[in-house]
S.K.: 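Starting off with a structure, shown below.
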Amino acid sequence: MISVKKNMYVLKQSDGTIWNFKYDRNKGIIYKNYKNGIWSKYNIFVKEAKENFSAAILPNDTICIVYEDLNGNLMMYTFNGVNWKVYNITKNNNMNIFNVYFKIILYKNYLFLFYSIYKNSNKITIVFQTVDEKGNLSSIKTIDDIYFKYDIPFYINISNKNVLYIMY
């Protein structure tokens with residue numbers, strides 16, 4: 001996976017197919033792919049999305065796209081080469097729209113999705129879910145509650161010794 005900018009991802013599948021996902025202010029998340037020496041035209045993946053999104057590919061070539069929609073819901077799509085499957089990860093029941101902070105990272109053949117849930121103005125809960133090799137989403141696991149509000153409530157890092165760290 002290559003992230004050229006905050007809002008662009010290039011993914012390459014084992015058969016050589018290249019996917020290019022990016023955010024367009026007028027069209028939302030768009031994509032094109034390269035197969036058999038030919039680039040397709042850009043297609044709209046989802047129009048009703050905020051600029052913040054992530055894309056990754058699992059070892060079995062499943063593509064995962066995570067984004068925040070215009071209502072503050074966190075959504076995930078997986079593509080197994082034939083069908084797209086959609087997951088509504090979080091539902092914003094609050095009338096106020098707030099920015100969800102999230103990061104995805106591939107670690108030990110699982111895709112980890114870390115995100116923050118704003119409980120109230122003083123409390124943020126950091127949680128994670130995993131996506132297995134078949135594209136199945138796990139249940140939510142809580143990491144911790146934090147009592148401050150920053151634009152970036154946590155950082156994720158994998159060390160040279162292949163240890164996953166979350167700093168908050």
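Owing to the predicted nature of the structure, the values given are computational and were not obtained by experimental measurement. In this chain, residues are counted from 1 in sequence order.
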S.K.: Within a radius of less than 6.0 Å around OH of Tyr87, do more than 12 heavy atoms belonging to other residues, nucleotides or ligands occur?
M.R.: yes
S.K.: Contact between Leu111 and Ile105 at the side-chain level, heavy atoms closer than 4.5 Å - yes or no?
M.R.: no
S.K.: Residues two or more places apart in sequence or in another chain: which of them pass ring pair (Phe, Tyr, Trp, His ring centres under 6.0 Å) with Tyr31?
M.R.: Trp19, Phe21
S.K.: Measure the spacing between CD1 of Ile18 and CG of Leu11 and express it to the nearest 0.5 Å.
M.R.: 10.0 Å
S.K.: Run through the side-chain heavy atoms of Ile, Leu, Val, Met, Phe, Trp and Tyr, join any pair under 4.5 Å, and report what else lands in Tyr42's cluster.
M.R.: Ile30, Ile44
S.K.: What's the verdict on side-chain hydrogen bond (donor to acceptor under 3.5 Å, both in side chains) for Asp144 and Tyr168, showing C-alpha distance, side-chain angles and the deciding distance?
M.R.: CA-CA 9 Å; Asp144 204 355; Tyr168 55 95; 2.8 Å; yes
S.K.: Can you tell me how far the OG atom of Ser14 sits from the CG atom of Asn60, to the nearest 0.5 Å?
M.R.: 9.0 Å
S.K.: With rounding to the nearest 0.5 Å, note down the distance linking CG in Asn20 to CG in Asn33.
M.R.: 9.5 Å
S.K.: Asp145 and Thr125: side-chain donor and acceptor closer than 3.5 Å?
M.R.: yes
S.K.: Return the minimal non-hydrogen interatomic distance between Ala49 and Tyr67, and the atom names on each side.
M.R.: CB-CD1, 3.6 Å
S.K.: Where do Val131 and Cys64 come nearest, in terms of heavy atoms and distance?
M.R.: CG1-SG, 4.2 Å
S.K.: I'd like to check Val127 versus Ile143 (side-chain heavy atoms, cut-off strictly below 4.5 Å). Are they in contact?
M.R.: no
S.K.: Is there a continuous path of hydrophobic side-chain contacts, each under 4.5 Å between heavy atoms, that joins Ile38 to Val10?
M.R.: no
S.K.: Using the benzene-type ring in the case of Trp, are the ring centres of Phe53 and Tyr9 under 6.0 Å apart?
M.R.: yes
S.K.: List the atom pairs, with distances to 0.1 Å, where a side-chain N or O of residues 155-166 and a protein N or O form a donor-acceptor pair under 3.5 Å, not counting sequence neighbours.
M.R.:
unit_1, atom_1, unit_2, atom_2, d
Ser159, OG, Lys161, N, 3.2
Ser159, OG, Val163, N, 3.2

S.K.: Please check if the side chain of Ser138 supplies one atom and the backbone of Gln129 the other of a donor-acceptor pair under 3.5 Å.
M.R.: no
S.K.: For Asp61, does its backbone N or O pair with a side-chain atom of Gln13 as donor and acceptor, under 3.5 Å?
M.R.: yes
S.K.: Excluding sequence neighbours, so at least two apart, what forms side-chain hydrogen bond (donor to acceptor under 3.5 Å, both in side chains) with Ser54?
M.R.: none
S.K.: Can you list, pair by pair, the side-chain donor-acceptor contacts under 3.5 Å of residues 73-84, counting residues two or more places apart and other chains?
M.R.:
unit_1, atom_1, unit_2, atom_2, d
Asn73, OD1, Asn92, N, 2.6
Asn73, ND2, Asp69, OD2, 3.1
Asn80, OD1, Val82, N, 2.8
Asn80, OD1, Asn83, N, 2.8

S.K.: Is the closest side-chain heavy-atom distance between Leu58 and Asp132 below 4.5 Å?
M.R.: no
S.K.: A quick test of your reading: do over 12 heavy atoms of other residues, nucleotides or ligands sit less than 6.0 Å from NZ of Lys32?
M.R.: yes
S.K.: Within this structure, what is the CG-OG1 distance for the pair Leu106 and Thr130, rounded to the nearest 0.5 Å?
M.R.: 11.5 Å
S.K.: Search all heavy atoms of Pro59 against all heavy atoms of Asn109 and return the closest pair with its distance.
M.R.: CG-OD1, 3.1 Å
S.K.: Mind checking the CG-CD1 spacing from Leu113 to Ile104? Nearest 0.5 Å is all I need.
M.R.: 7.0 Å
S.K.: Please examine the side chains of Ile117 and Ile124, heavy atoms only from C-beta on, and report whether any two atoms are closer than 4.5 Å.
M.R.: no
S.K.: Should Leu137 and Ile89 be marked as a side chain to side chain contact (heavy atoms under 4.5 Å, CB included) after you check the CA-CA gap, both sets of side-chain angles, and the distance that decides it?
M.R.: CA-CA 9 Å; Leu137 186 65; Ile89 296 172; 4.1 Å; yes
S.K.: For residues Ile126 and Pro153, report the shortest heavy-atom separation together with the two atoms involved.
M.R.: CD1-O, 4.2 Å
S.K.: Would you give the length of the straight line joining atom OG1 of Thr62 to atom CG of Asn136, rounded to the nearest 0.5 angstrom?
M.R.: 9.5 Å
S.K.: Can you label the angle between the Phe112 ring and the Phe114 ring as parallel, tilted or perpendicular, going by 30° and 60°?
M.R.: parallel
S.K.: Give a yes or no on whether Tyr147 and Phe154 share a hydrophobic cluster (residues Ile, Leu, Val, Met, Phe, Trp, Tyr; joining criterion: side-chain heavy atoms under 4.5 Å apart).
M.R.: no
S.K.: The criterion is ring pair (Phe, Tyr, Trp, His ring centres under 6.0 Å); which residues satisfy it with Tyr115, sequence neighbours excluded?
M.R.: none
S.K.: Measure from the side-chain N and O atoms of Lys47 to the backbone N and O of Asn26, and report whether any donor-acceptor pair falls under 3.5 Å.
M.R.: yes
